Amino acid sequence: MSTIANIIWIIFGGLITAISWCVVGVIFYITIVGIPLGRQCFKMASLTLAPFGKTIIYGGGAPSLVANIFWVILAGLPMALSYLLLGVVYCISIIGIPIGMQLFKMAKLSLWPFGAQVL
């Protein structure tokens, strides 16, 4: 079931969004200082490409907490709110609930990406 859902997801925007995350990640990698941010962009790209059937494990410790605090202030809050709003819109219809649940998963990852692992 998750394979079919991932194929539908890729066709209707997942591929474009994942490519966009990869482009942003490459831009961050070019600026040597932005490598930690680029790693988080690639993490979001892997989840955005095929979110069904993937789980996220959160952890990390104090360095991840400090990095996440800066991330939330600079970029995470608007991204999480946009994923959250879009997830609510999808959950209005019965058919859109699985997509909305994946968007909620992405909202949480976009809020606290440092120390998280996408499996």
Side-chain angles (χ1 to χ4, degrees):
M1 181 63 187
S2 65
T3 304
I4 295 169
N6 281 327
I7 291 170
I8 293 170
W9 179 275
I10 288 169
I11 291 171
F12 290 106
L15 182 63
I16 293 169
T17 309
I19 290 172
S20 301
W21 275 113
C22 286
V23 168
V24 172
V26 167
I27 291 170
F28 275 126
Y29 262 77
I30 290 172
T31 69
I32 302 299
V33 177
I35 290 177
L37 298 174
R39 289 185 65 210
Q40 306 317 309
C41 290
F42 289 127
K43 192 181 298 182
M44 285 298 296
S46 72
L47 181 64
T48 304
L49 185 61
F52 291 93
K54 289 189 179 177
T55 58
I56 303 170
I57 298 173
Y58 294 94
S64 296
L65 177 65
V66 171
N68 279 327
I69 289 170
F70 283 112
W71 177 270
V72 166
I73 293 169
L74 298 174
L77 196 58
M79 287 178 7
L81 288 175
S82 64
Y83 278 125
L84 185 66
L85 180 65
L86 195 57
V88 168
V89 169
Y90 271 102
C91 284
I92 289 173
S93 70
I94 301 280
I95 295 171
I97 289 175
I99 295 171
M101 298 307 290
Q102 301 309 311
L103 289 168
F104 293 149
K105 186 187 324 182
M106 285 184 243
K108 186 175 179 184
L109 182 64
S110 66
L111 195 59
W112 300 103
F114 288 92
Q117 296 177 354
V118 177
L119 303 174

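We use all heavy atoms of the structure for the numbers below, so side chains are in, but hydrogens, waters and symmetry mates are not. All figures in this text were calculated on a predicted structure; none of them were measured in a lab.
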Asker: Check which hydrophobic residues are tied to V23 through side-chain heavy-atom contacts below 4.5 Å, counting indirect links as well, and list them.
Answerer: I10, L15, I19, I27, L49
Asker: Clusters formed by hydrophobic residues whose side-chain heavy atoms approach within less than 4.5 Å: which one holds I57, and what are its other members?
Answerer: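 Members alongside I57: L119.
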Asker: Name all residues meeting the ring-ring contact (aromatic ring centres under 6.0 Å, His included) criterion together with Y29; count only those two or more places apart in sequence or in a different chain, and write none if there are none.
Answerer: F42
Asker: Under the rule for side-chain contact (heavy atoms from CB on, under 4.5 Å), what residues qualify as partners of S82, not counting sequence neighbours?
Answerer: none
Asker: Look at atom CD1 of I95 and say whether more than 12 heavy atoms of other residues, nucleotides or ligands are closer to it than 6.0 Å.
Answerer: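 Counting other residues, nucleotides and ligands, CD1 of I95 stays at 12 neighbours or fewer.
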Asker: Measure the CD-CH2 distance between Q40 and W21 for me, rounded to the nearest 0.5 Å.
Answerer: 10.0 Å
Asker: For a quick test of reading the model, state the closest non-hydrogen atom pair linking A45 to C22 and the distance between them.
Answerer: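 Closest approach of A45 to C22, heavy atoms only: CB-SG, 3.7 Å.
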Asker: Distance from L74 atom CG to M79 atom CE, nearest 0.5 Å?
Answerer: 11.5 Å
Asker: Work out which heavy atom in L111 is nearest to a heavy atom in A80; give both atom names and the distance.
Answerer: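 Closest heavy-atom pair between L111 and A80: CD1-CB, 3.8 Å.
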Asker: What's in the same ILVMFWY side-chain cluster as V89, cut-off under 4.5 Å, chained through other members?
Answerer: none
Asker: Among the clusters formed by ILVMFWY side chains lying less than 4.5 Å apart, do I92 and L103 turn up in the same one?
Answerer: no
Asker: Of all residues at least two apart in sequence or in a different chain, which pass the side-chain contact (heavy atoms from CB on, under 4.5 Å) check with L47?
Answerer: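 For L47, the residues satisfying side-chain contact (heavy atoms from CB on, under 4.5 Å) (neighbours in sequence not counted) are P51, K54, I56, K105, M106, L109, V118.
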Asker: Where do Y83 and T17 come nearest, in terms of heavy atoms and distance?
Answerer: OH-CG2, 4.4 Å
Asker: Are I16 and F12 connected, step by step, through hydrophobic side chains (Ile, Leu, Val, Met, Phe, Trp, Tyr) whose heavy atoms are closer than 4.5 Å?
Answerer: no
Asker: Quick check for you: to the nearest 0.5 Å, what is the distance between Y90 atom OH and I99 atom CD1?
Answerer: 5.5 Å
Asker: With heavy-atom distances below 4.5 Å as the criterion, would you say the side chains of I35 and F28 are in contact?
Answerer: no
Asker: Kindly say whether S110 contributes a backbone atom to a donor-acceptor pair with the side chain of W71 at under 3.5 angstrom?
Answerer: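 Pair found, side chain donor or acceptor close to backbone of S110.
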Asker: Using every non-hydrogen atom in the two residues, find where A107 and L84 come nearest and quote the distance to one decimal.
Answerer: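 Closest heavy-atom pair between A107 and L84: CB-N, 4.0 Å.
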Asker: Do F52 and I8 make a side-chain contact, defined as non-hydrogen atoms from C-beta onward lying under 4.5 Å apart?
Answerer: no
Asker: Tell me whether the count of non-hydrogen atoms from other residues, nucleotides or ligands lying under 6.0 Å of OH in Y58 goes above 12.
Answerer: yes
Asker: Check for me, please, whether L85 and M101 land in the same ILVMFWY cluster - side-chain distances under 4.5 Å, paths through other members count.
Answerer: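 No: no chain of side-chain contacts under 4.5 Å links L85 to M101.
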Asker: For the backbone of G59 and the side chain of W112, can you confirm whether one donor and one acceptor N or O come within less than 3.5 Å of each other?
Answerer: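 Judged by distance alone, no pair lies under 3.5 Å.
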Asker: Is any side-chain heavy atom of F114 closer than 4.5 Å to one of L65?
Answerer: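 In short, these two side chains do not touch, never coming nearer than 4.5 Å.
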